[in-house]
Visitor: 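Dropping the structure in here first, questions after.
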Amino acid sequence: MRLRPLLELLLPSVCPACDTARRPGELLLCARCEAGLRRIDRLGRVATAIAYEGSGAELVRRFKFDGRRDALEVLLGPLIAR
C-alpha cells in the first residue's frame, strides 16, 4: 500500500513546483505549473522530455537542492511519458 493517498487525507498537499495548496486526488502539478511545462518531442531516444525552463527548471531545482521527492515524482511520472 502506498502512503501518499493516506497522507493526503491527513496533511494538505501542495504543488511541487510552486507550493500552491491542492486537494487530495488532484494532479500533482497545479494548472498554472502544468501550463508552464514545455515538452520536447523526439529528443534522441527519449520520446518526450521537459525543457529546463519555467516549471520544469523549478521542479529539477526543488528535487536537487531541497530534496523534494514530490518534484521527482512529477519528473519521472506520466507527464514525461506522453
Side-chain angles (χ1 to χ4, degrees):
M1 179 176 143
R2 296 198 67 189
L3 284 178
R4 179 170 286 284
L6 181 59
L7 289 175
E8 286 189 3
L9 292 174
L10 302 172
L11 302 170
S13 294
V14 294
C15 171
C18 71
D19 291 332
T20 298
R22 63 181 196 81
R23 289 182 226 121
E26 289 182 336
L27 296 175
L28 280 176
L29 284 180
C30 69
R32 185 175 60 93
C33 291
E34 169 82 24
L37 289 178
R38 184 171 66 89
R39 291 173 179 81
I40 303 169
D41 293 330
R42 310 218 192 279
L43 182 64
R45 294 178 181 238
V46 178
T48 306
I50 295 175
Y52 188 72
E53 62 186 30
S55 299
E58 187 62 19
L59 287 166
V60 171
R61 187 196 68 73
R62 285 177 178 231
F63 169 68
K64 187 173 181 179
F65 298 112
D66 299 340
R68 295 283 299 267
R69 303 220 18 107
D70 55 345
L72 179 64
E73 191 171 328
V74 173
L75 292 169
L76 296 178
L79 288 174
I80 294 178
R82 285 185 186 171

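Since the model is a prediction, treat every value here as computed from it, not as a measurement.
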Visitor: Which heavy atom in Val14 sits nearest to a heavy atom in Arg22, and how many Å separate them?
Guide: O-NE, 3.9 Å
Visitor: Enter the distance from Ser13:OG to Leu28:CG here, rounded to the nearest 0.5 Å.
Guide: 8.0 Å
Visitor: Which atom pair, heavy atoms only, marks the closest approach of Leu29 to Leu37?
Guide: CD1-CD1, 3.5 Å
Visitor: My understanding is that only residues two or more places apart in sequence, or in another chain, count here; which of them pass salt bridge (Lys or Arg N to Asp or Glu O under 4.0 Å) with Arg32?
Guide: none
Visitor: Which distance, rounded to the nearest 0.5 Å, do you find between the CG of Leu59 and the OH of Tyr52?
Guide: 10.5 Å
Visitor: Could you pull out the closest heavy-atom pair between Ser55 and Cys33, with the gap in Å?
Guide: OG-O, 2.9 Å
Visitor: Between Arg62 and Ala17 (side chain of the first, backbone of the second, donor and acceptor by atom type, cut-off under 3.5 Å), is there such a pair?
Guide: yes
Visitor: If every non-hydrogen atom of Ile50 is compared with every non-hydrogen atom of Gly56, which pair is closest and at what distance?
Guide: CG2-CA, 3.8 Å
Visitor: Under 4.0 Å between a side-chain nitrogen and a carboxylate oxygen: does that hold for Glu73 and Arg69?
Guide: no
Visitor: Decide, yes or no, whether a salt bridge links Asp66 with Arg61 under the criterion of side-chain N to carboxylate O below 4.0 Å.
Guide: yes
Visitor: Val74 versus Arg68: any side-chain heavy-atom pair under 4.5 Å?
Guide: no
Visitor: Suppose we screen for side chain to side chain contact (heavy atoms under 4.5 Å, CB included). Which residues come up paired with Ala31, at least two apart in sequence or across chains?
Guide: none
Visitor: So which atom in Cys15 and which in Cys30 form the shortest heavy-atom distance, rounded to 0.1 Å?
Guide: SG-N, 3.4 Å
